[in-house]
Amino acid sequence: MTSMSTDHLYQLVNRSKRNTENVIKTAPLGICITDPHGYFEMVNPAYCQFYGYREEELIGQHFTLVVPEAYRAQMRQLHDEFIHGEETHELRQEWEVRCKNGEARTIIAEAARIEGDDGQSRKVTFIVDITQRKQLEERLKQANERLEYLAHHDELTGLLNRRQGLAKLEEAIERSRRYGNPLSIVLFDLDDFKNINDTYGHSTGDSVLQALTQVVNQQLRETDFQIRLGGEEFLIIMPEVDADSARIAMERIRQEVARTPYTEHALTVTLSAGIACYIEASSTRMLDRADKAMYQAKQAGRNRVVIAPSPV
Ligand SMILES: Nc1nc2c(ncn2[C@@H]2O[C@H](COP(=O)(O)OP(=O)(O)OP(=O)(O)O)[C@@H](O)[C@H]2O)c(=O)[nH]1
């Protein structure tokens with residue numbers, strides 16, 4: 001080889017090195033190289049910019065500087081295992097990291113093991129910021145959870161809604177049918193509720209419905225379900241409870257509801273209830289019997305509980 005061609009080769013190698021350096025400098029993804037003990041040896045501008053540190057603030061620091069305290073030990077161990085392990089590439093993984101200003105962000109990191117000019121292993125890590133995508137995913141997840149919740153619950157009171165409540169009733173009836181256990185349902189409706197809306201406004205009416213839901217719930221067993229069928233009409237499912245016990249429970253609830261003052265106007269609210277217990281009936285039949293009993297309670301002057309007679 002002539003001296004000219006050696007020069008030329010030297011130039012080419014230098015150019016190639018400069019190109020590589022420029023690629024690393026201008027790469028849109030953060031790149032860092034850590035020594036065998038996890039200390040930063042190289043960080044590119046995108047890495048510094050992402051974390052909010054200057055290059056000289058990072059070089060020589062342990063990489064766990066950008067890791068939340070809770071994961072530091074785990075990350076340190078993973079780094080050491082990778083440096084001394086067999087794998088040359090570390091799988092892509094999501095991590096939560098901390099920027100200089102304390103901000104938490106999410107990255108996807110992928111790493112490779114390279115050999116330094118001292119013959120020792122180094123870890124080169126490539127990071128991509130996915131914070132926005134994660135936040136979007138989180139908001140989407142919350143929106144889906146909310147939709148899922150609303151599909152089963154009444155928004156005002158947080159109770160199960162009619163559709164979900166009727167499904168629960170079907171399940172309860174099925175269990176009673178199979179195991180021969182008693183089951184009672186209570187249909188109740190507030191008395192003269194229209195007066196409250198007309199006198200104090202709809203939002204006061206709403207507050208009454210919310211507070212009343214709590215009063216009733218506090219009186220129920222863990223295994224009972226309270227459902228808002230619609231408007232000011234509610235259903236309670238009481239599995240394993242016979243008609244007499246349901247009446248005692250409902251009397252207690254009726255009295256508690258009537259005794260409680262509602263809203264800042266200290267309103268009195270009463271309810272009329274009809275009870276039906278399970279006797280080889282469909283949910284429609286049971287609801288129908290409870291409804292008739294409730295109607296009787298209204299007819300008899302309201303603020304009372306009536307048990308539906310057993311069908312012959
Ligand atoms: N504030 C509020 N009112 C509601 C809601 N749903 C239904 N209502 C009201 O409940 C009232 C029901 O009136 P009615 O069906 O005449 O019954 P009532 O006045 O309770 O009379 P009785 O049932 O016969 O004792 C109406 O004024 C409805 O507008 C609600 O979500 N919020």
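Given the structure is predicted, the values throughout are model-derived calculations rather than measurements. Read the numbers this way: they start at 1 and go in the same order the structure lists the ligands and their atoms.
A distance limit of 4.0 angstrom between heavy atoms and ligand 1 selects the residues Asp189, Leu190, Asp191, Asp192, Phe193, Lys194, Asn197, His202, Gly205, Asp206, Leu209, Arg228, Gly231, Glu232, Lys298, Arg302.
Residues Gln218 and Gln214 bring no donor and acceptor atom of their side chains to less than 3.5 Å of each other.
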Show me the donor-acceptor pairs, under 3.5 Å and distance only, between side chains in residues 260-269 and residues at least two apart or in other chains.
residue: Thr260; atom: OG1; partner: Glu256; partner atom: O; Å: 2.6
residue: Tyr262; atom: OH; partner: Val257; partner atom: O; Å: 3.1
residue: Thr263; atom: OG1; partner: His265; partner atom: N; Å: 3.2

Ignoring hydrogens and angles, write down the donor-acceptor pairs under 3.5 Å from the side chains of residues 296-307, residues two or more places apart or on other chains.
residue: Lys298; atom: NZ; partner: Asp189; partner atom: OD1; Å: 2.8
residue: Lys298; atom: NZ; partner: Leu190; partner atom: O; Å: 2.9
residue: Lys298; atom: NZ; partner: Asp191; partner atom: OD1; Å: 3.0
residue: Gln299; atom: NE2; partner: Tyr295; partner atom: OH; Å: 3.3
residue: Asn303; atom: OD1; partner: Arg254; partner atom: NH1; Å: 2.9
residue: Arg304; atom: NE; partner: Ala300; partner atom: O; Å: 3.4
residue: Arg304; atom: NE; partner: Arg302; partner atom: O; Å: 2.9
residue: Arg304; atom: NH1; partner: Ala300; partner atom: O; Å: 3.2
residue: Arg304; atom: NH2; partner: Ala300; partner atom: O; Å: 3.1

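For the salt bridge (charged side-chain N to carboxylate O under 4.0 Å, His left out) test, residues two or more places apart in sequence or in another chain that qualify with Arg133 are Glu137.
Ring centroid separation for the pair Tyr47 and Tyr53 does not come in under the 6.0 Å cut-off.
Looking at His153, its side chain does come within 3.5 Å of a backbone N or O of Tyr149 through a donor-acceptor pair.
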